[in-house]
Amino acid sequence: MIGFLTKHLIQLLMEPQIVRILQLHCDNIEYTPTKKEIKTAEDIVPETKRLEEVVVVFVAIENGDDSSVAQNAASQIRNSMQKIGSNRLLLYPYAHLSSNLAAPSTALSLLKEMESSFSDIEVSHSPFGWTKSYKIQVKGHPLAESSKVVTKDSEAEKEITSEALKGESKIKSYWKILTPDGTMTDISDFDFSNHKKLEVLAKYEYAKKRSVDEPPPHVALMKKMAIADYEPASDSGNMRFFPNGRLIKSLIERYVTDRVKEYGGYEVETPIMYDSHHPSMVSYFNRFPARQYNIDSEGKKLFLRFAACFGQFLMANEFQMSYKNLPYRLYELTRYSFRREQSGELVGLRRLRAFTMPDCHAFCKDLKQAMDEIKVRFDLSQSVLHELGIEESDYEMAIRFTEDFYNDNKSSIDELVKKHGKPVLVEMWKEKFFYFVLKWEFNYVDNLGKASALSTDQIDVENGNRYGIEFIDENNEHRHPIILHNSPSGAIERIIYATLEKAAKDIKEGKKPQYPLWLAPTQVRIIPLKEEFYDFCNTLSDQISAHDVRVDIDDRNESIGKRIREAEKEWIQYILVIGDKEAHSTNLSIRDRKTGNVRDISFDDFVSEIKTQTNGKPYTGLNLPKYLSKRPQIMV
RNA sequence: GCCUCGAUAGCUCAGCCUGGUAGAGCGAACGCCUCGUAAGCGUUAGGUCGCGGGUUCAGAUCCCGCUCGAGGCUCCA
C-alpha cells in the first residue's frame, strides 16, 4: 500500500495544471479532523466520521483549474463508480497530491461543485483545510485503486489502474529454461520444437489457438461416471462425491498418505479454521489480501485454512526439538483446504474452492540438510505421480528461486533438473519476495493446453521465525528450522481431474478409456445368463471378493447384450458371463475389456492377474450394492 | 471481477426465429420375453417451460428486469 501511494504520487507530481485524483474502493474509512491547517479552513465541529463500503477520492485542485475541469473529474468518478458498483462517495481534499495548488477559496468552491454534481449517489466530503488523521481499509480487487489526472480537455484524461496486487508479486522475474545438462537459456532463445507442453507452460497466453467454447472433457466424465458433481446448495467450487467418486478419492488419499508415512512423515490433524488476529497470522496476512472464507463467530474473525501450514507450524511451536531430531516431518491430508478463488476461475475438479491437499512439512536444521531432504521428496513426488498413473510425459516442471540462491546451490538445482530428465521452466528473482527461496512444481498439461500444478515443494526460510519454531543446535543455541513444504501429489481432486483428462484423451484417439484397476469402483462384474445361475454367481462372487477384489452381480432382467454394454460403459475391466457352460467348468470365461475378447483361465490365475495389477495399492470393498437390481440410478 | 452463453419431464435435449392443446430418447414403474458377450418388446406415470413484470384475445416462444448456473478472460500466496 505504501509503495503504491509513493509510486503514484511521483507520477502525479510530474503533470501540471490539472485535477489530481487518487481513487480507492474501500471497505471502510474513519477520519478525525485534528486541527485547522489554514485560516480559511471550513468551519466545522471536529468529530470522527466512519463510512462503510465507500469510494474514497483523494483530490487536489491545482492552479488554473476551473468549473469544467471539476465537472470532468466528477463524470470520470461517476463512470468508474458505476463500473465497480458503488454508490457512496467521499471526496477527501488532499493537498499533498500537488505542489501547484489552487487558492484555497477556489479549491473549496470547486470541491463543493464536484460534490453537488452527484445527485444520484450518497456523497460527502471531509473538511477542507483541516489536518486529519485517518484509517482506511482498501479492497483487494483489481479496480479498487486507480489514479487519474483530469484536465480541461477530457481527451487528455489518463487513467492508471493499480498493479498493486500483482505488481508486488511480480517484481523482476527472469524467465529461463534450464536443461538437464545444467545450461540455462533465456526463454526467448530456447527451441521449443521438441517440448510442446513445456512451451504451453512457458507461455501461458495460449488463448489464441484454443477453441473457446469447449468445456474441459473431465467435467462431463465426472458426471457420467457418477464420480462427482457441483453442489448447487453449497458455494461454487465445493463438490459432492458420489459413492464411486468417494471410493476413488479415498483410495488415492490412502495411497498418498501411506507413501508419505513410508518416507517418514508423521500424520497429524489440525483445525480447519483459525483466528485471523492471532499474532502468528497477522504478519502472514499482511502480505496476502483477502482470498479466504471468513467467518464471524462471537466477535472472532475466523478464516478457513487455505493450507495445512498454520496448524502444523502452531503445533511444531510446542515441540521441544534438538538438532538430533531433525529433519522432522509432519504430515496432514487436509480435508479440506479452502481458497475463495474468483467465481469465474472455478472449473470442474481442476480448480476448486474446497479441496483435499496432502501437505508435508520437513523441519531442517540448516540449508544443507534442507537440500538433501528436498531431493528425497522430489523422488517421492515423482514416484507417487507415476504410481497414480501420471507419467513424466504428462507433466512439465517449473522451478523458481532467487538469483543468489541459484548461484550458491547450482549443483543441487542441476541435480533436480537432471532427475526430471527434461528441460524445465525457470523463474528467477533478483531478490526474495515470498517466504521461500526455492520452489519447484510439476504441472499437468491437459488436452486444452491448460497447465495445473500437481506436486510441489518449497524451501521456506521465514516461517520458522514467524511461528516461533525452535530447535537447539550443537552449541546449545536456539535456532529456527528451515521448513520444506511438500505436496507429493498435489490436490487429490486434481489427480482425479488428470486421470479423467487422460481418459478423455484416449476416447478422442479412439482408444478405450480405463481406470487403473486399483481405482476401479467395480473390478469384476458377474452376469448370470438366467435366474437359475444366481446361486452359483453369488458363491463365485464371494470366492473372488475373499481375495480383496471388488466384484458385483448384474442380476437385472435385461438382455445379455445390454448388460455387457452397460458394464463396458462403466469401464469395468473384467466381465464374467455365467451360463450352463461356466457353471459346470473348473475354469472361468472372462471378457477382458482391454481386448474385447473372451478367454478361459483358472480361478487362481485370474486372481493373481488382478493382484499383479493392484499390487502395493490400498484396497477397500465395494461402495455400492452388490446386486445391480438394488442400485438407484445417479442421474447427473 | 469482466465478457459470452445457458435455464423446458429424474437425465440429455427438441420446440422459440415465424405466438394458438407440452415433445423425443434415455431412465423409472408394471407386464411380456428367459436370452451366449456393446442397446429385446409393450403399457403407464412424470412438466407452474428458473423467478418477476410488460406487450397481446392468447406467451415456453416477443420485450424488460432479476436469480442461478456454465465456459472463457483476468487470477492462482
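If you're wondering where the values come from, they're calculated on a predicted model, not measured in any experiment. Here is how names work: the chains are called A, B, and so on, in the same order as the sequence lines, proteins then strands, and each is numbered from 1.
With rounding to whole Å, K224(A) atom NZ is found 13 Å from rC11(B) atom C1'. Residue D592(A) contributes atom CG, which lies 15 Å from atom C1' of rA38(B) at whole-angstrom precision. Summarising the geometry, the separation between NZ on K569(A) and P on rA39(B) is reported as 11 Å, rounded to the nearest angstrom. Spacing between atom CD1 of I578(A) and atom C1' of rU34(B) amounts to 17 Å, rounded to whole angstrom units. When rounded to the nearest whole Å, the span between CG of D229(A) and P of rG10(B) equals 16 Å. For L576(A) and rU37(B), the CG to C1' distance is 12 Å, given to the nearest whole Å. Rounded to a whole Å, the CE atom of M239(A) is 13 Å from the C1' atom of rG69(B). Summarising the geometry, the separation between CD1 on I527(A) and C1' on rC35(B) is reported as 12 Å, rounded to the nearest angstrom.
Outside the 6.0 Å centre-distance limit, the rings of Y395(A) and Y444(A) are not counted as a close aromatic pair. Note: F355(A) and Y336(A) fail the aromatic proximity criterion, with ring centroids not under 6.0 Å apart. A centroid separation of less than 6.0 Å is found between the aromatic rings of H485(A) and Y435(A).
Contact annotation for G579(A): base contact, defined as any heavy-atom pair under 4.0 Å involving a base atom. Here I560(A) lies in heavy-atom contact (under 4.0 Å) with sugar-phosphate atoms only. Residue contacts shown for I634(A) are absent, as no nucleic acid heavy atom lies under 4.0 Å away.
Across all strands shown, rG54(B) is found opposite rC62(B) as a Watson-Crick or G-U wobble partner, with both distances under 3.5 Å. Applying the Watson-Crick and G-U wobble criteria (two distances, each under 3.5 Å), rU18(B) pairs with nothing in any strand. The nucleotide rU37(B) finds no pairing partner, because no Watson-Crick or G-U wobble arrangement with both distances shorter than 3.5 Å includes it. In this structure rC13(B) sits in a base pair with rG23(B), meeting the Watson-Crick or G-U test at under 3.5 Å. In this structure, rA29(B) and rU43(B) make a Watson-Crick or G-U wobble pair, each of the two defining distances being under 3.5 angstrom. rA70(B) is paired with rU4(B) under the Watson-Crick or G-U wobble criterion, all donor-acceptor distances under 3.5 Å.
Nucleotides rA14(B) and rA7(B) have their P atoms positioned 8 Å apart, rounded to a whole Å. Taking the C1' atom of each, rC2(B) and rU74(B) are spaced 8 Å apart, rounded to whole Å. Taking the P atoms as reference points, rC49(B) lies 30 Å from rG42(B), given to the whole Å. As rounded to the nearest Å, rG19(B) and rU56(B) have C1' atoms that lie 9 Å from one another. Going from the C1' atom of rU48(B) to that of rU44(B) covers 23 Å, rounded to whole Å. With both ends at atom P, the span from rA77(B) to rU61(B) equals 45 Å, rounded to whole Å. A distance of about 25 Å separates the P atoms of rC11(B) and rC5(B), rounded to the whole Å. The separation of rA24(B) from rC30(B), taken at their P atoms, amounts to 22 Å, rounded to a whole angstrom.
Comparing rA77(B), rA38(B), rC35(B) by their closest approach to the side chain of E568(A) singles out rA38(B). Each of rC35(B), rC76(B), rA77(B) was ranked by its minimum atom distance to the side chain of R351(A); first place goes to rC76(B). Taking only side-chain atoms of S559(A), from C-beta outward, the nucleotide of rG36(B), rG40(B), rA38(B) with the closest atom is rG40(B). Of the candidates rG71(B), rA77(B), rC76(B), rC76(B) carries the atom nearest the E341(A) side chain, counting heavy atoms from C-beta on.
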For each nucleotide in nucleotides 22-33 of chain B, reading 5' to 3', give B when a protein heavy atom comes within less than 4.0 Å of its base, S when such contact involves only the sugar-phosphate, and - otherwise. -----SS----B
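When the side-chain nitrogen and oxygen atoms of Y534(A) are compared with OP1 and OP2 of rU34(B), none of them lie within a distance under 4.0 Å. Between K450(A) and rC73(B) there is a side-chain polar atom (N or O) within less than 4.0 angstrom of OP1 or OP2.
Residue pairs meeting the ring-ring contact (aromatic ring centres under 6.0 Å, His included) criterion with at least one member in residues 556-601 of chain A, sequence neighbours excluded: Y515(A)-W571(A), Y574(A)-F606(A). Residue pairs meeting the salt bridge (charged side-chain N to carboxylate O under 4.0 Å, His left out) criterion with at least one member in residues 587-597 of chain A, sequence neighbours excluded: E568(A)-R591(A), E568(A)-R593(A), D592(A)-R599(A). Residue pairs meeting the salt bridge (charged side-chain N to carboxylate O under 4.0 Å, His left out) criterion with at least one member in residues 482-497 of chain A, sequence neighbours excluded, are K249(A)-E493(A).
Evaluation of the salt bridge (charged side-chain N to carboxylate O under 4.0 Å, His left out) rule for D600(A) yields no partner, not counting sequence neighbours. Under the side-chain hydrogen bond (donor to acceptor under 3.5 Å, both in side chains) criterion, R556(A) pairs with D554(A), E566(A), sequence neighbours left out.
Each of R351(A), R350(A), K505(A) was evaluated against D446(A); a single residue qualifies, R350(A), per the salt bridge (charged side-chain N to carboxylate O under 4.0 Å, His left out) test.
Place G237(A) and R563(A) on RNA chain B by their nearest nucleotides, and R563(A) ends up nearer the 5' end. Heavy-atom distances to RNA chain B give each of K223(A) and E582(A) a nearest nucleotide, and the one nearer the 5′ end belongs to K223(A).
Note: I578(A) CD1 to F536(A) CZ = 5.5 Å, rounded to the nearest 0.5 Å.
rA77(B) has F306(A) stacked on its base ring, the centres lying under 5.5 angstrom apart and the planes within 30 degrees of parallel.
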